[in-house]
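Report on the following structure.
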Amino acid sequence: MGELKVYNSLSREKEVFKSMTPGLVGMYVCGPTVSGESHLGHARPYITFDVIYRYLMHLGYKVRYVRNITDAGHFEEEGREAEDKISKKAVLEKLEPMELVQKYTNLYHWAMNQFNCLPPSIEPTATGHIVEQINMIEKIIADGYGYVVNGSVYFDVMKYAETHDYGKLSGRVIDEQLETTRDLEGQEEKRNKADFALWKNAAPEHIMRWKSPWGIGFPGWHIECSAMSTKYLGEQFDIHGGGMDLLFPHHESEIAQSTVCNHVPPVRYWIHNNMITINGRKMSKSLNNVIKLTEMFSGNHPMVEKAYHPMTIRFFILQTHYRSTLDFSNEALQGAEKGLKRLWEAYENLGKLRDAGYEMRDDQVDTDLESRITKLVSEFDEFMNDDFSTAKVLANMFELVPLINSMKDKTIPVSSLSKETFGLLQKQMKTFVEDIFAFKSINEEDNEKLRGVMQLLIDIRKEARGRKDFVTSDKIRNQLHRLGISLKDEKDGSISWSIE
RNA sequence: GGUCCUGUGGCCGAGUGGCUAGGCUGAGCUCUGCAAAAGCUCCUACAGCGGUUCGAAUCCGCUCGGGACCUCCA
C-alpha cells in the first residue's frame with residue numbers, strides 16, 4: 001500500500017503523512033458552538049473528519065480524536081458591546097445557560113448519530129477547562145506576550161511577530177492587517193489592532209463569568225482550543241482540522257498562543273475543509289441563508305423540496321473533494337439520493353451473491369474482467385491516500401455497480417471471477433462502503449412483523465401471477481406502491497421489496 | 001482596498017499536458033403479462049482572448065464572471 005499524502009494548509013502542498021509517534025495519531029477538530037442548532041454547513045467538517053478518522057484507523061493507526069464543544073460563548077464582535085452569545089440567547093429564551101448548552105449539545109449529538117459519525121475519543125468543553133485556559137494565559141503573560149488592561153488580557157501580536165511568523169498559516173502580512181481601518185469600540189484597550197483577547201473582563205450583565213487573576217471575566221476567542229489540544233494531545237500533535245473560515249484569525253491565533261506557551265509549533269498537519277454554498281454563497285448565520293439539519297431531514301424549509309435522509313447528505317458531501325466548495329441545490333441532492341440508492345442496492349446484491357455461496361470454478365475465469373475489477377478495487381486505497389479523494393473512490397464504485405448487478409442477473413457468471421478476486425471485491429466494498437464511508441441503508445428499519453406481512457403479500461401475489469390473475473397481482477403491487485413500498489419482480493422469479 | 005481560491009456538458013461534480021472520471025436528468029434499445037429495477041447505447045464539455053508546446057481543461061499572460069478570508073462563523 002502506498003503512503004498517505006495530505007494537503008497541509010501550512011505549506012500549501014500535499015505532504016507525506018508521518019505521525020509523530022509510529023502507530024499513533026493525535027487529531028483535533030474544532031467542534032460546534034452550542035448556542036444554536038447545527039446547519040448543513042456544519043455537517044461538512046464533521047463528515048469529512050469522520051471519514052479521515054475512520055481511514056486513519058483503517059491504515060492501522062490508533063487515533064485519539066479530540067473535538068471540542070464550545071459552550072462558553074464568544075463575543076459577537078470584538079470591541080462592540082461584549083455580548084456573550086450564550087447568555088444573550090438564554091435571556092431571550094428564558095433558559096439557564098447550561099440548559100441551553102445541554103439542549104443544543106444533545107441535538108448536535110443526535111445529528112452526528114444520524115450521519116453515522118463516530119463519537120470522538122474525547123469531547124472536552126470550554127467551560128470545563130477554564131483553569132487550563134487561565135494557566136495558559138498566565139504563562140503567556142509571564143513570557144511577555146500578554147498584557148493586562150482593565151481586567152482584560154490581550155495577546156501582543158506585534159511582539160510575537162518580531163520573532164515568529166504571524167500569518168504563516170493564513171498567508172497574511174501583518175502590516176496589512178494594521179492598515180485596515182476599522183473604528184471599533186474598545187480598541188483603545190489594545191496596543192495594536194492585530195492583538196486579540198485572551199481573557200475578557202465581564203460586564204455585570206454577563207451570566208457566564210469566572211474568577212481569574214485579572215478579575216471576573218471569561219476566556220477569549222481562541223484560547224480554549226490551545227488549552228484543550230495541549231492538554232489532551234500534547235504540546236505538538238499530528239492533525240488539526242476545521243473549516244477554512246477558521247484559518248484566520250482562529251487557527252492563526254491558536255498557533256501563536258501555543259507556540260509562546262510550549263515553545264514549539266503546535267500542529268504538524270493543518271487540514272481545512274471548504275464551505276457549502278447556497279446559490280453560490282457561503283452558508284452562514286450572518287448571511288442568513290442557513291438550512292438547519294433538522295430542516296434538511298424533515299424537508300421543512302422553503303428552499304428544501306423534500307426531506308433528505310442523513311445518508312443522502314453524507315453521500316452528497318463525499319461525492320466532492322473536501323477542499324472544493326460544494327453547492328447546495330435540490331437537484332443535486334436528489335441526484336445524490338438516487339445515486340446512493342443504486343450504490344447501496346448493488347452493495348447489498350454483492351452480499352447476497354456471497355450468501356448464495358456460488359461455486360467458484362477457476363476454469364472459467366475471465367482474466368480481463370478480473371484485472372479490471374482488481375484495478376478498480378485497488379484504487380480505493382490509492383485515491384484515499386491521495387489527500388482523501390472520496391469522489392474518485394465513489395466513481396470507481398459506480399463502475400463496479402453494473403458489473404455486480406450483472407453478476408446478480410447472471411448476465412456475467414459469477415464463476416468468471418476467481419475466488420480470490422471475488423473475495424477481494426467483497427472485502428474492499430465492505431471496507432469502504434460500510435467501515436470508511438460509513439453508509440447505511442436509507443430504508444426504514446424493517447421489523448420482523450413487517451417482514452412477515454410482506455412475505456405473505458408476496459406469496460399471494462406470486463400465486464395470483466401463477467394463475468395469470470393480474471388483476472389481483474397488480475392490486476397488491478399498486479396498493480403497496482401508494483403506501484410507499486415498491487415491489488420488484490426479479491429476473492430469477494423472486495420478488496423483492498423496498499420502502500421508498 | 002489587501003490576500004487567496006475558483007469558472008468543466010441540462011444539473012452536481014473528478015481531473016496528474018497526450019489515453020473521452022463518475023453521479024443525476026433526457027433519448028433509444030434489451031429483458032418483462034404489465035410496471036419498476038437492472039443491463040446496453042447515445043447526448044463528448046472544459047468562461048473569453050493570446051502565448052508556451054509536437055500536443056493544454058490541465059502551464060503562462062491578459063480580460064470578464066463567481067467566491068472565501070481580512071469581524072462571530074464549519
Side-chain angles (χ1 to χ4, degrees), chain A residues 12 29-33 35 38-49 70 73-80 83 85 167 170-173 175-177 179-182 184 194 221 241-250 252 272-277 280-287 290 315-316 319-321 323-343 345-346 349 383 386 389-399 401-406 408-409 411-412 465 468-470 473-474 477-478 481 486-491 496 498:
Chain A
R12 287 152 201 267
V29 173
C30 288
T33 302
S35 60
S38 297
H39 59 73
L40 179 61
H42 294 115
R44 190 149 194 207
Y46 305 133
I47 289 171
T48 299
F49 288 100
T70 299
H74 288 184
F75 317 135
E76 279 302 329
E77 192 167 319
E78 177 185 5
R80 276 199 193 163
E83 291 169 336
K85 259 195 208 168
S170 54
R172 237 149 273 269
V173 179
D175 294 340
E176 283 165 1
Q177 291 296 295
E179 281 166 24
T180 323
T181 34
R182 284 178 75 87
L184 298 168
W221 312 280
M244 274 182 185
D245 49 353
L246 296 178
L247 269 164
F248 190 88
H250 186 57
E252 197 70 62
H272 291 94
N273 63 273
N274 214 319
M275 303 291 105
I276 288 183
T277 58
R281 315 214 82 202
K282 172 182 154 183
M283 188 179 282
S284 79
K285 267 182 211 159
S286 42
L287 292 172
V290 302
F315 178 87
F316 176 63
Q319 236 184 344
T320 310
H321 188 86
R323 281 191 288 112
S324 303
T325 55
L326 171 59
D327 201 50
F328 165 88
S329 73
N330 283 285
E331 221 179 340
L333 257 304
Q334 280 161 34
E337 184 178 86
K338 289 199 178 170
L340 174 60
K341 195 174 173 224
R342 195 158 82 93
L343 177 65
E345 279 176 8
N349 289 337
F383 293 154
D386 184 15
S389 291
T390 55
K392 286 177 141 188
V393 174
L394 284 173
N396 272 24
M397 284 181 184
F398 276 104
E399 290 204 43
V401 163
L403 302 178
I404 293 168
N405 287 337
S406 296
K408 181 203 160 221
D409 290 343
T411 321
I412 297 176
R465 286 183 77 212
K468 298 215 187 293
D469 176 6
F470 296 125
S473 68
D474 285 356
R477 191 177 57 195
N478 294 340
H481 185 72
S486 61
L487 291 184
K488 282 192 284 186
D489 295 332
E490 301 289 351
K491 289 201 170 121
S496 67
S498 62

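Letters A, B, ... are given to chains in the order of the sequence lines, protein chains preceding strands, and every chain is numbered from 1.
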Between the base of B:C31 and the side chain of A:D409, is there a donor and acceptor pair under 3.5 angstrom?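 Looking at the base of B:C31, it does not pair with any donor or acceptor on the side chain of A:D409 (distance under 3.5 Å).
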
Quiz item: A:R44 side-chain donor-acceptor pair to B:A74 base, under 3.5 Å: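 No.
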
With heavy atoms under 4.0 Å as the rule, sort [X] into base, sugar-phosphate or nothing.
X: A:G242; answer: sugar-phosphate
X: A:F470; answer: base
X: A:V290; answer: nothing
X: A:L340; answer: nothing
X: A:N478; answer: nothing
X: A:L333; answer: nothing
X: A:E399; answer: sugar-phosphate

Nucleotide of [options] approaching [X] most closely (side-chain heavy atoms):
X: A:S406; options: B:G33, B:G39, B:C12; value: B:G39
X: A:R12; options: B:U71, B:G39, B:C4; value: B:C4
X: A:L287; options: B:A68, B:G10, B:G39; value: B:A68
X: A:R465; options: B:C40, B:G22, B:G33; value: B:G33
X: A:H321; options: B:G13, B:G15, B:A38; value: B:G15
X: A:P249; options: B:A74, B:G10, B:U71; value: B:U71
X: A:R477; options: B:G13, B:A37, B:A35; value: B:A35
X: A:D327; options: B:G15, B:C34, B:G13; value: B:G13
X: A:H42; options: B:A21, B:A74, B:C70; value: B:A74
X: A:Q319; options: B:C72, B:G23, B:A74; value: B:G23

Under-4.0 Å side-chain N/O to phosphate OP1/OP2 contact, [X] with [N]:
X: A:R281; N: B:A68; answer: yes
X: A:S170; N: B:C4; answer: no
X: A:K338; N: B:U25; answer: yes
X: A:R172; N: B:U3; answer: no
X: A:N405; N: B:G39; answer: yes
X: A:R342; N: B:C24; answer: yes

Distance between [atom1] atoms of [N] and [M] (Å, rounded):
N: B:G48; M: B:C64; atom1: C1'; value: 7 Å
N: B:U16; M: B:A21; atom1: P; value: 13 Å
N: B:A37; M: B:C31; atom1: C1'; value: 11 Å
N: B:G1; M: B:G9; atom1: C1'; value: 37 Å
N: B:U63; M: B:G55; atom1: P; value: 26 Å
N: B:C49; M: B:C43; atom1: C1'; value: 29 Å
N: B:A35; M: B:U6; atom1: P; value: 49 Å

Is any NZ, NE, NH1 or NH2 atom of the basic residue among A:K488 and A:E345 found under 4.0 Å from an Asp or Glu carboxylate oxygen of the other?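 Here A:K488 pairs with A:E345 in a salt bridge, since their nearest N and O are under 4.0 Å apart.
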
Nearest whole angstrom, please: distance from the [atom2] of [N] to the [atom1] of [X].
X: A:K341; N: B:G23; atom1: NZ; atom2: P; value: 17 Å
X: A:D386; N: B:G15; atom1: CG; atom2: C1'; value: 11 Å
X: A:L487; N: B:A35; atom1: CG; atom2: P; value: 16 Å
X: A:L247; N: B:C4; atom1: CG; atom2: P; value: 14 Å

Is a donor from one side chain sitting under 3.5 angstrom from an acceptor on the other, for A:S284 and A:S286?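 Short answer, yes.
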
Would A:Y46 count as stacked on B:A74 if the rule is ring centres under 5.5 Å and plane angle under 30°?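 No, A:Y46 does not stack on the base of B:A74, since the centre distance and plane angle fail the 5.5 Å and 30° test.
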
Under a 3.5 Å cut-off for both distances, is B:G39 Watson-Crick or wobble paired, and to whom?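 Matched B:G39 with B:C29 under the 3.5 Å cut-off.
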
